[in-house]
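These values consider heavy atoms only, across backbone and side chains, with no hydrogens, waters or symmetry-generated copies. Residue indices begin at 1 and follow the sequence shown. This is a predicted model, so every value here is computed, not measured.
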Amino acid sequence: MEAKERVAARTSWGLRRVLALSLGPAVGLGIARFGYALLLPSMRTDLEWTYAAAGSMNTANAVGYLLGALAAAPLAGRIQVRHAFWIFLLVTVFALFASGLTADFTLLLLLRFLAGLGGAVVFVTGATLVSHLGGDSKGGSALALGLYFGGVGLGILITAIGLPALLAHDVGSWRLVWMMLGLVSFLALFVAGPAALRSAEPSGRPAGSRGRLFRASLLPSLLAYFLFGLGYITYMTFIFAFMRAQQVSTWQLSLFWALLGASVFVAAFVWRPLIDRARGGAALATLLVVVALGAAVPLASTSLTGVLLSGVLFGGSFLSVVSTVTAIVRRSLPAHAWVAGIALYTIFFSVGQILGPLLSGALADVSGDFRSGFLISAGLLLVAAALAPFQAEPKSANG
């Protein structure tokens with residue numbers, strides 16, 4: 001009985017640690033990246049940007065994310081995984097707050113870049129800490145990773161509370177909103193930072209050690225992840241602007257964004273059995289189909305039902321794609337290589353994210369709306385889903 005109580009206590013302690021660490025992606029992705037979708041219409045109007053210029057802000061963020069993913073493993077090897085987590089979370093918080101202090105296009109690009117750089121290092125190092133907290137338990141690891149990535153949903157949910165109404169009332173309030181988000185993120189730092197520092201440093205060879213990480217057997221899921229990055233970012237960058245252009249009311253937009261964020265968190269429990277049981281790329285393919293459907297719904301209907309259905313389908317699946325890919329890394333690579341393996345997938349993902357906002361923004365400027373961009377986005381996600389089943393189940397993580 002005492003043994004069961006000790007196991008229960010360790011599990012409870014571990015989940016509390018995971019929830020604290022999940023505030024990292026809540027800030028780095030939920031607020032710093034996806035929160036921009038709410039501010040984009042107001043910033044574009046107030047600063048007289050084209051859609052391509054507005055999209056370039058998320059491209060700058062994605063370039064920073066790519067470099068952060070490239071730097072995550074070497075940094076973790078030099079300053080430890082847990083230290084890299086809180087230092088770059090602080091960088092992200094600074095970039096958020098400072099975005100409200102300037103209207104200069106170049107400075108805003110630089111701050112979006114810094115937010116992406118910090119967010120990537122936080123995301124990769126935090127996922128590594130959580131992967132090791134999950135231990136060897138496949139079910140426990142899937143739940144822990146799902147809860148960690150679900151933190152993104154919490155960040156989205158925070159941005160949905162009051163901000164759409166404030167921005168609709170006064171387009172110039174975007175500066176105040178950035179500073180408010182920076183202050184909220186600073187509070188999150190005080191919870192997530194200590195949780196990282198109290199976490200055990202992953203054992204084995206240094207996290208940044210060079211090894212044979214790229215394996216031909218991983219190519220299907222790597223390519224699918226690239227196309228996922230290219231396809232999903234169009235939706236998350238421009239969906240708010242698209243719905244505003246379709247005269248969707250402010251309260252419906254707030255409800256949509258809040259429901260999308262809540263769905264991200266709930267997805268950790270909904271998809272856990274599939275991620276646990278599915279072999280190879282089966283879970284990845286299923287999730288990518290659901291993401292594609294969510295991205296396509298607004299093309300068919302912007303009624304309240306269509307708006308909410310899109311939020312549930314997209315929000316309830318797109319971060320679970322990341323959970324599934326991380327599970328593939330854990331099954332395919334030895335534990336000491338997880339941070340570098342997660343970084344490798346994040347690099348492929350980031351290249352897609354760099355291209356997506358530029359292409360969709362340019363299409364919107366030419367066509368006058370986002371329909372062609374969303375259509376291409378959904379198509380790319382379906383191609384990714386078609387590639388995913390070719391990902392074979394690894395025989396061993398120690399090859």
Applying side-chain contact (heavy atoms from CB on, under 4.5 Å) between F228 and each of L380, V325, V321, report the one that passes. V321
Closest non-hydrogen atom pair between W178 and G100, with its separation: CB-N, 3.5 Å
One should read off an interatomic distance between T326 OG1 and R331 CZ, to the nearest 0.5 angstrom, of 11.0 Å
With the 4.5 Å side-chain cut-off for hydrophobic clustering, are F113 and V121 part of the same group? yes
State the CG-CG distance between L287 and L274, to the nearest 0.5 angstrom. 6.0 Å
Angle between ring planes, F318 versus F34, binned at 30° and 60°: parallel, tilted or perpendicular? perpendicular
Would you say L309 and F256 make side-chain contact, with heavy atoms under 4.5 Å? no
Rounded to the nearest 0.5 Å, what's the gap from CD on Q391 to OG1 on T324? Could you check? 11.5 Å
Starting from L19, can I reach L187 by hopping between I/L/V/M/F/W/Y residues whose side chains sit under 4.5 Å apart? no
Quick one: does any side-chain atom of T286 pair with a main-chain N or O of A282 as donor and acceptor, under 3.5 Å? yes
Look at the aromatic rings of Y51 and F238 and report parallel, tilted or perpendicular, splitting at 30° and 60°. perpendicular
Go through it in stages, so that I can follow the logic: the residues are Y235 and S310, the test is side chain to side chain donor-acceptor pair (under 3.5 Å), and I'd like the CA-CA distance, side-chain angles, deciding distance and then a yes or no. CA-CA 10 Å; Y235 182 97; S310 177; 2.6 Å; yes
Apply ring pair (Phe, Tyr, Trp, His ring centres under 6.0 Å) to the pair F242 and F374, showing each step before the final yes or no. CA-CA 10 Å; F242 171 75; F374 282 140; 5.1 Å; yes
Considering all heavy atoms, the nearest L101-M179 contact: CD2-SD, 3.6 Å
Distance-only side-chain donor-acceptor flag, N58 / R112, under 3.5 Å: yes
Can you check whether S56 reaches F105 side chain to side chain, under 4.5 Å on heavy atoms? yes
Taking T159 for its side chain and I156 for its backbone only, find out whether a donor-acceptor pair lies under 3.5 Å. yes
Taking atom types as modelled and ignoring hydrogens, do the side chains of T305 and S303 form a donor-acceptor contact shorter than 3.5 angstrom? no
State, with a plain yes or no, whether a side-chain heavy atom of L110 is found less than 4.5 Å away from one of T106. no
Cluster link L344 to L219, ILVMFWY, side chain under 4.5 Å: yes
Could you give the distance from CH2 (W174) to CE (M43), rounded to the nearest 0.5 Å? 4.5 Å
For G316, is there any backbone N or O sitting under 3.5 Å from a side-chain donor or acceptor partner on W271? yes
Within the side chain of Y148, is there an N or O that forms a donor-acceptor pair under 3.5 Å with the backbone of F123? yes
Check the pair V297, F314 against side-chain contact (heavy atoms from CB on, under 4.5 Å), reporting the backbone distance first and the verdict last. CA-CA 10 Å; V297 167; F314 197 95; over 6 Å; no
Which heavy atom of L167 sits nearest to which heavy atom of L38, and what is that distance? CD1-O, 3.4 Å
How many angstroms lie between OG1 in T125 and CG in L89, if you round to the nearest 0.5 Å? 9.0 Å
Does L157 belong to the same Ile/Leu/Val/Met/Phe/Trp/Tyr cluster as V184, with side-chain heavy atoms less than 4.5 Å apart forming each link? no
Smallest heavy-atom separation, S263 atom then V312 atom, equals OG-CA, 3.6 Å
Should the ring pair F349 and Y225 be called parallel, tilted or perpendicular, given that the plane angle runs from 0 to 90° and is split at 30 and 60? parallel
Evaluate the side-chain proximity of Y65 to T346: yes if any heavy-atom separation is below 4.5 Å, no if none is. yes
Verify, without hydrogens or angle tests, whether R17 (side chain) and R198 (backbone) share a donor-acceptor contact under 3.5 angstrom. yes
Is any side-chain heavy atom of R33 closer than 4.5 Å to a side-chain heavy atom of Q353? yes
Do you know the tightest heavy-atom contact between T92 and G119? OG1-N, 3.3 Å
Do the non-hydrogen side-chain atoms of S221 and Y345 ever get within less than 4.5 Å of each other? yes
Got a second to check how far L111's CG is from T102's OG1, nearest 0.5 Å? 7.5 Å
Between G172 and D46, which heavy-atom pair has the shortest distance, and what is it? CA-OD2, 4.1 Å
N61 and Y36, any side-chain heavy atoms less than 4.5 Å apart: no
Go through the steps for L381 and L227 under the test side-chain contact (heavy atoms from CB on, under 4.5 Å), then give the verdict. CA-CA 6 Å; L381 290 166; L227 292 173; over 6 Å; no
Please determine whether residues V93 and L197 belong to a single hydrophobic cluster, defined as Ile, Leu, Val, Met, Phe, Trp and Tyr linked transitively by side-chain heavy-atom distances below 4.5 Å. yes
Side chains of P298 and I239 in contact at under 4.5 Å (non-hydrogen atoms): yes
